[in-house]
Amino acid sequence: MAAIKKAGFDSVMFWWGNEFDSTDGTKEERFNLAKKEGLLVSTVHFPSTNAHWLWFTTEEGELYKKQMIQAVQDCGKLGIKNLVIHTTRKHITPEPNESGLEKLSQVLKAAEKEGVKLAIENTRFLRYNSYIYKNLSSSALGFCFDCGHAHCYTPDENPLEMFASYLTTSHIHDNYGPAGSPNGMEAPSGRIDLHNLIGDGNIDYKPIFTRFKELKLQEYNLESYCFEHSKYWGLSMQEFLDTSIKKLKENVI
């Protein structure tokens, strides 16, 4: 957190789950460290491991709803404005249904009470976003635009424009589109969703940031990592963070 602050960031976004406690500390510890360093925490990410449970009519579905409501209440208590959620888990794609809408309706009621936006992220399948926005109405219903997902998963669609009226936060990272890497092969990680730093890919950011400005977006969240396939691999943590904010500032219009 101190390194993030030193690089010049004024906010930090992180995972609101327990999966990485052994390496990252608990979510509460991360939040307190951020506040100690003077970093704002206005967006957190709800765990996506069981996102497909949203559409289940089983005990898993009920548990998933309760976990989302608890996360919304956590955010309200701590003053976190945005809770980002996925609607599917990778290629696990139950049909969107009334059961999922009912769960989300209850979560949104809690979010309204807490003053929190439930930001639905664009992933592989935009029909889930469309289904939710078509069938639910709530002042707490938001949208997290992930430019990397849009580039590699839905290059022939425009989720930023499709769901612009709901935009409340963002995930910003780079990749090489459906091909996966500059030479047309998938990266060593076997992924096309590389989460690279701006400039380590071929996304055209100018129209994205122009639209962000038009929509008066307040949240510019980098979701970029430094993996072995990255051209920035080998930098120290501080060097990577310094480079990250430099790349972001160069693109913010």
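Other members of the cluster containing F20 are W15, with ILVMFWY side chains joined at under 4.5 Å, either directly or via other members.
Using modelled atom types and a 3.5 Å distance limit, the side chains of Q238 and S236 yield no donor-acceptor pair. A side-chain donor from one of H45 and E121 sits under 3.5 Å from a side-chain acceptor of the other. Side-chain contact of H173 with D200: a donor-acceptor pair under 3.5 Å is absent, judged by distance alone. Donor-acceptor pairing under 3.5 Å is lacking for the side chains of E28 and N32. Judged purely by distance below 3.5 Å, without hydrogens or angles, the side chains of T168 and E219 never pair a donor atom with an acceptor atom. Side-chain polar atoms of T169 and N221 form a donor-acceptor pair below 3.5 angstrom. Using modelled atom types and a 3.5 Å distance limit, the side chains of K109 and S105 yield no donor-acceptor pair.
Salt-bridge annotation for D21 and R30: present, with a side-chain N of the basic residue lying under 4.0 Å from a carboxylate O of the acidic one. The pair R211-E161 counts as a salt bridge, with a side-chain nitrogen and a carboxylate oxygen less than 4.0 angstrom apart.
Cluster annotation: V72 is connected to I80 through the hydrophobic network of ILVMFWY side chains, with a link wherever side-chain heavy atoms come within less than 4.5 Å. Residues F9 and M237 share a single hydrophobic cluster, defined by chaining ILVMFWY side chains whose heavy atoms lie under 4.5 Å apart. The hydrophobic cluster containing V84 does not contain I120, counting ILVMFWY residues as joined when their side-chain heavy atoms lie under 4.5 angstrom apart, directly or transitively. In the hydrophobic cluster analysis, where Ile, Leu, Val, Met, Phe, Trp and Tyr join through side-chain heavy atoms closer than 4.5 angstrom, M13 is grouped apart from L78. Using a 4.5 Å cut-off between side-chain heavy atoms of Ile, Leu, Val, Met, Phe, Trp and Tyr, with links allowed through other members, M1 and L222 fall into the same hydrophobic cluster.
At least one side-chain heavy atom of I4 sits under 4.5 Å from a side-chain heavy atom of L39. Considering only heavy atoms from C-beta on, E60 stays 4.5 Å or farther from Y64 through its side chain. Using a 4.5 Å heavy-atom cutoff, the side chains of V12 and F31 are not in contact. Residues S224 and H195 have side chains not in contact (no heavy-atom distance under 4.5 Å, counting atoms from C-beta outward). Between H52 and T93 there is no side-chain heavy-atom pair separated by less than 4.5 Å. In this structure the side chain of V252 never reaches within 4.5 angstrom of the side chain of F212, judged on heavy atoms.
You'll find the ring centres of F143 and Y166 outside the 6.0 Å limit. Aromatic ring centres of F125 and Y131: separated by at least 6.0 Å. Residues F163 and F145 place their aromatic rings such that the two centres sit no closer than 6.0 Å.
Atoms CZ and CD, from F46 and Q70 in turn, are 10.0 Å apart once rounded to the nearest 0.5 Å. Annotation: the span from Y133 atom OH to Y128 atom OH amounts to 15.0 Å, rounded to 0.5 Å. With values rounded to the nearest 0.5 angstrom, Q218 atom CD is found 11.0 Å from N82 atom CG. Rounding to the nearest 0.5 Å gives a distance of 9.0 Å between CG of L83 and CG of D74. Atom CD1 of residue I198 and atom OH of residue Y232 lie 9.0 Å apart, to the nearest 0.5 angstrom. Here the NE2 atom belonging to H229 is positioned 9.0 Å from the CG atom belonging to N175, to the nearest 0.5 angstrom.
Within the 3.5 Å criterion, the main-chain N or O of A140 finds a donor-acceptor partner in the side chain of S138. Judged by distance alone, the side chain of K103 and the main-chain N or O of L54 form a donor-acceptor pair under 3.5 Å. Side-chain atoms of K117 never come within 3.5 Å of backbone atoms of L167 as a donor-acceptor pair (strictly under, hydrogens ignored). Using a distance-only test at 3.5 Å, with no hydrogens or angles considered, a donor-acceptor pair links the side chain of T210 to the main chain of K206. At least one donor-acceptor pair closer than 3.5 Å links the side chain of W55 to the backbone N or O of T87. A donor-acceptor pair is defined here as one N or O able to donate and one able to accept, closer than 3.5 Å; no such pair exists between the side chain of N196 and the backbone of S230. N122 contributes a side-chain N or O that, together with a main-chain N or O of D146, makes up a donor-acceptor pair within less than 3.5 Å. No side-chain donor-acceptor contact under 3.5 Å links E157 to the backbone of P155. Listed for the K5 side chain is no donor-acceptor partner under 3.5 Å among the backbone atoms of S11. E62 contributes no side-chain N or O that, together with a main-chain N or O of E59, makes up a donor-acceptor pair within less than 3.5 Å.
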Stepwise, does the side chain to side chain contact (heavy atoms under 4.5 Å, CB included) test hold for H149 with D193? CA-CA 7 Å; H149 290 168; D193 182 21; 3.1 Å; yes
Apply salt bridge (charged side-chain N to carboxylate O under 4.0 Å, His left out) to the pair E19 and K27, showing each step before the final yes or no. CA-CA 10 Å; E19 295 92 323; K27 55 186 180 292; over 6 Å; no
Candidate pair I208 and N251, rule side chain to side chain contact (heavy atoms under 4.5 Å, CB included), full reasoning: CA-CA 9 Å; I208 295 172; N251 283 274; over 6 Å; no
List the steps and the verdict of side chain to side chain contact (heavy atoms under 4.5 Å, CB included) for W53 and F56. CA-CA 5 Å; W53 287 3; F56 285 8; 3.6 Å; yes
Take K81 and S42 through the side chain to side chain contact (heavy atoms under 4.5 Å, CB included) test and state the conclusion after the steps. CA-CA 5 Å; K81 295 190 302 180; S42 56; 3.8 Å; yes
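Between F227 and Y225, the ring planes are perpendicular. Angles over 60° get that label, and only those under 30° would be called parallel.
By the 6.0 Å contact criterion, CD on E214 is enclosed, its count of non-hydrogen atoms from other residues, nucleotides or ligands being greater than 12.
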